[in-house]
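Sequence positions, counted from 1, serve as the residue numbers for this chain. Fair warning: this is a prediction, and the values are worked out from it, not measured in the lab.
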Amino acid sequence: MPRKVLIVEDNEDNRELVVKVLKNKGYIIAEAVDGEDAIEKAVSEKPDLILLDISIPKLDGYEVAKRLKSMEECREIPIVAFTAHAMKGDREKVIVAGFEGYISKPVNIRELPNQIRSFIRGKRESILGGEEE
Ligand code: MN
């Protein structure tokens, strides 16, 4: 059964690139452009994974993740931060905030499908730098 990914990204070029790459791999895609839209689509679309930009209008990615993780119907959806801030402190911050992991920008289009698949299959990153499969 095809998996569904919700892409939350306010930058149109970035969003279209990710959408195109994942559609080519057979994913069903839902899109959101700001934090409120992200929460609405998470509830209505029930995606298998959310790729969530941190810098988005209305509610930032941290707030969106916090709210989704507090909602019974969304709690189990893996949320992956999509961020240009790939410094160690930022990684820790997204993991502590409840994200299951992160994918750094600029996106590596060859790696992206594998990264997405790993997270859907249960990959979880930890603050200690290791990865748990
Ligand atoms: Mn952004």
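Residues Ile50 and Ile29 do not share a hydrophobic cluster, defined by chaining ILVMFWY side chains whose heavy atoms lie under 4.5 Å apart. Follow the hydrophobic side-chain contacts under 4.5 Å out from Leu52 and you reach Tyr62 in the same cluster. In terms of hydrophobic clustering, with Ile, Leu, Val, Met, Phe, Trp and Tyr side chains grouped at heavy-atom distances under 4.5 Å, Ile77 and Tyr102 are assigned to a common cluster. Following chains of ILVMFWY side-chain contacts shorter than 4.5 Å, one can reach Val94 starting from Leu68, so the two form part of one hydrophobic cluster. Connection of Ile120 to Phe99 is not established within any shared hydrophobic cluster, with ILVMFWY side chains joined at heavy-atom distances below 4.5 Å, either directly or through further cluster members.
Counting non-hydrogen atoms of neighbouring residues, nucleotides and ligands closer than 6.0 angstrom, the CD atom of Glu73 exceeds 12 such neighbours.
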Let me check something: any side-chain donor-acceptor pairs from residues 106-116 under 3.5 Å, sequence neighbours excluded? List them with distances.
unit_1: Asn108; atom_1: OD1; unit_2: Arg110; atom_2: N; d: 3.0
unit_1: Asn108; atom_1: OD1; unit_2: Glu111; atom_2: N; d: 3.1
unit_1: Asn114; atom_1: OD1; unit_2: Arg117; atom_2: NH2; d: 3.4

Throw together a table of side-chain donor-acceptor distances under 3.5 angstrom for residues 1-15, partners on residues two or more places apart or in other chains.
unit_1: Arg3; atom_1: NH1; unit_2: Asp48; atom_2: OD1; d: 3.2
unit_1: Lys4; atom_1: NZ; unit_2: Glu45; atom_2: O; d: 3.0
unit_1: Lys4; atom_1: NZ; unit_2: Glu45; atom_2: OE1; d: 2.9
unit_1: Glu9; atom_1: OE1; unit_2: Lys105; atom_2: NZ; d: 2.9
unit_1: Glu9; atom_1: OE2; unit_2: Asn11; atom_2: N; d: 2.9
unit_1: Asn11; atom_1: OD1; unit_2: Asp13; atom_2: N; d: 3.1
unit_1: Asn11; atom_1: OD1; unit_2: Asn14; atom_2: N; d: 2.9
unit_1: Arg15; atom_1: NE; unit_2: Glu31; atom_2: OE1; d: 3.1
unit_1: Arg15; atom_1: NH1; unit_2: Glu9; atom_2: O; d: 2.9

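Rounding to the nearest 0.5 Å gives a distance of 11.0 Å between CG of Asp34 and CG of Asp53. To the nearest 0.5 angstrom, Glu100 atom CD is 12.5 Å from Ser126 atom OG. Rounding to the nearest 0.5 angstrom, the gap separating the CZ atom in Phe119 from the CZ atom in Arg124 is 8.0 Å. Lys123 NZ to Leu49 CG: the interatomic distance, rounded to the nearest 0.5 Å, is 11.5 Å.
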- request: Test side chain to side chain contact (heavy atoms under 4.5 Å, CB included) on Ile54 and Phe82 and set out the steps.
  value: CA-CA 7 Å; Ile54 299 294; Phe82 189 36; over 6 Å; no

- prompt: Does the pair Val33 and Ile56 meet the rule for a side chain to side chain contact (heavy atoms under 4.5 Å, CB included), with working shown?
  reply: CA-CA 7 Å; Val33 297; Ile56 45 174; over 6 Å; no

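Annotation: side chain of Cys74 is in contact with side chain of Val43 (closest heavy-atom distance under 4.5 Å). Contact check for Ile39 versus Val64: side-chain heavy atoms found under the 4.5 Å cut-off.
Nearest heavy-atom pair, Lys58 versus Gly35, reported as atom, atom and distance to 0.1 Å: CB-N, 4.4 Å. Residues Ala42 and Pro47 come closest through the heavy atom pair O-CD, 3.5 Å.
The backbone N or O of Gly101 sits nowhere less than 3.5 Å from a side-chain atom of Arg91 that would complete a donor-acceptor pair.
Cation-pi contact between Lys25 and Tyr27: absent, since separation from the ring centre below 6.0 Å together with deviation from the ring axis within 45° is not met.
The pair Arg67-Glu36 does not meet the salt-bridge criterion, since no charged nitrogen lies less than 4.0 angstrom from a carboxylate oxygen.
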